[in-house]
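Treat the numbers as computed from the prediction; the structure is a model and nothing was measured. Just the heavy atoms: all of them, side chains too, but no hydrogens, waters or symmetry mates, feed the values below. Chain identifiers are assigned alphabetically (A, B, ...) following the order of the sequence lines, protein sequences preceding nucleic acid strands; residue numbering begins at 1 within each chain.
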Amino acid sequence: MRLATWNVNSIRSRVDRVLAFLERTGTDVLALQETKCKDEQFPREGFEAAGYQVATFGLSQWNGVAIASRVGLDDVARGFPGQPAFGAAPVVEARAIGATCGGMRVWSLYVPNGRALDNPHYAYKLEWLARLRDQSAGWLAQGTGNPDAQIALVGDWNVAPEDSDVWDMAVFDGQTHVTAPERAAFAAFAQAGYVEVTRQHIPQDRAYTYWDYQQLRFPKNEGMRIDFAYASAALASRTTGVVIDRNERKGKGASDHVPVILDLAD
DNA sequence: ATGACTCATTACATGAGA
């Protein structure tokens, strides 16, 4: 079984590239973030022609998440219980979608960016992560006898958990993504019992998943590692390999993020 | 070359991304 996550920065501008990725890699379940379209605008046809079912959650041109699966797609949840809302007229944004695929509970997550430390979006980001941690800790059903739970929390976490996850910490002085509260909010998932399997399999520095479009960041390999996969213990133990598909950042029409692929033993 | 932002919008300038 192959599970991948990818912030595509608009599915409508990238659908051909995504379909080619599915065919090339044989990915069975793909979690997408930043689809940037409403549900009725999502280009489902190409996925369905390729044998995938698709569940989408998109409310506007902002955010948007989806799951494509060729191993079943059931019990779709749009948003997670307790997910914070944002804005003057508070809206639960399209940042989380869950579905059961091939015996796994998969969540495609697009954590709020935070924007700036003095911006309300930053407090929203921390609250969002805290509420997701609370909810997902319950899914593990620790102490109630569910050691075989197959749960994957994958996506764009918008946190660089280690200094080595950015090319130059000096550039991020006073910026979001690297602060102690954000890193604590990210680490709380490990404390709840999840295993971040991408670093487990790829411990190297400069294994980035995102490069800004500006200032030749990709050719200079000045990137950030912010896309991760937290797995329940049973799912982590099935993970045999992880690939950060950095070739997908090359060429015209690339997303600024690349796919992260998990290989899971059957 | 892996190359000098990109995407969506009752668009033609602005907001968001990180």
- Message: I'd like to know if A/Arg199 pairs up with A/Asp165 as an ion pair, taking the criterion as any Lys NZ or Arg NE/NH1/NH2 lying under 4.0 Å from an Asp or Glu carboxylate oxygen.
- Response: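 Salt bridge present between A/Arg199 and A/Asp165.
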
- A/Asp28/A/Arg70 salt bridge by N-O under 4.0 Å criterion: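 Salt bridge between A/Arg70 and A/Asp28, a charged N being under 4.0 Å from a carboxylate O: yes.
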
- Task: Please figure out whether A/Ala254 or A/Phe218 has its closest DNA chain B nucleotide nearer the 5' end.
- Result: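 Counting from the 5' end, the first nearest nucleotide belongs to A/Phe218.
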
- Item | Distance between P atoms of B/dT6 and B/dT10 (Å, rounded) |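 Between the two P atoms, the distance is 22 Å.
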
- Message: When the P atoms of B/dT14 and B/dA18 are compared, how many Å lie between them, rounded to an integer?
- Response: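 It works out to 22 Å between them.
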
- Item | Nearest-neighbour nucleotide for the A/Arg12 side chain, B/dA8, B/dC7, B/dT2 considered |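 Nearest to the side-chain atoms of A/Arg12, counting from C-beta on, is B/dA8.
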
Polar pairs (N or O, both sides) under 3.5 Å between protein and nucleotides 16-18 of chain B?
residue: B/dG17; atom: OP2; partner: A/Arg115; partner atom: NE; Å: 2.8
residue: B/dA18; atom: OP1; partner: A/Glu34; partner atom: OE2; Å: 3.4
residue: B/dA18; atom: OP1; partner: A/Asp156; partner atom: OD2; Å: 3.4
residue: B/dA18; atom: OP1; partner: A/His257; partner atom: NE2; Å: 3.0
residue: B/dA18; atom: OP2; partner: A/Tyr110; partner atom: OH; Å: 3.0
residue: B/dA18; atom: OP2; partner: A/Asn158; partner atom: ND2; Å: 3.2
residue: B/dA18; atom: O4'; partner: A/Tyr210; partner atom: OH; Å: 3.2
residue: B/dA18; atom: O3'; partner: A/His177; partner atom: NE2; Å: 3.0

- Query: Reading DNA chain B 5' to 3', how would its secondary structure be written in dot-bracket notation, given Watson-Crick and G-U pairs with both distances under 3.5 Å, brackets [ ] for crossing pairs and | for partners on other strands?
  - Reply: ....(((((...))))).

- Query: Under 4.0 Å: is that the gap between some side-chain N or O of A/Arg14 and OP1 or OP2 of B/dT6?
  - Reply: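 For B/dT6, OP1/OP2 do not have a side-chain N/O of A/Arg14 under 4.0 Å.
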
- Query: Do any side-chain nitrogens or oxygens of A/Gln61 fall under 4.0 Å of OP1 or OP2 in B/dT14?
  - Reply: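 No.
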
- Query: Between A/Glu248 and A/Ser255, does any side-chain donor sit less than 3.5 Å from a side-chain acceptor?
  - Reply: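 The answer is no; no qualifying pair exists.
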
- Message: Within this structure, what is the CZ-OG1 distance for the pair A/Arg14 and A/Thr35, rounded to the nearest 0.5 Å?
- Response: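 Atom-to-atom, A/Arg14:CZ and A/Thr35:OG1 are 12.0 Å apart.
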
- Task: Using a 4.0 Å heavy-atom cut-off across all strands, classify A/Gln41 as base, sugar-phosphate, or nothing.
- Result: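 The answer is sugar-phosphate, as A/Gln41 gets under 4.0 Å only of primed atoms, P, OP1 or OP2.
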
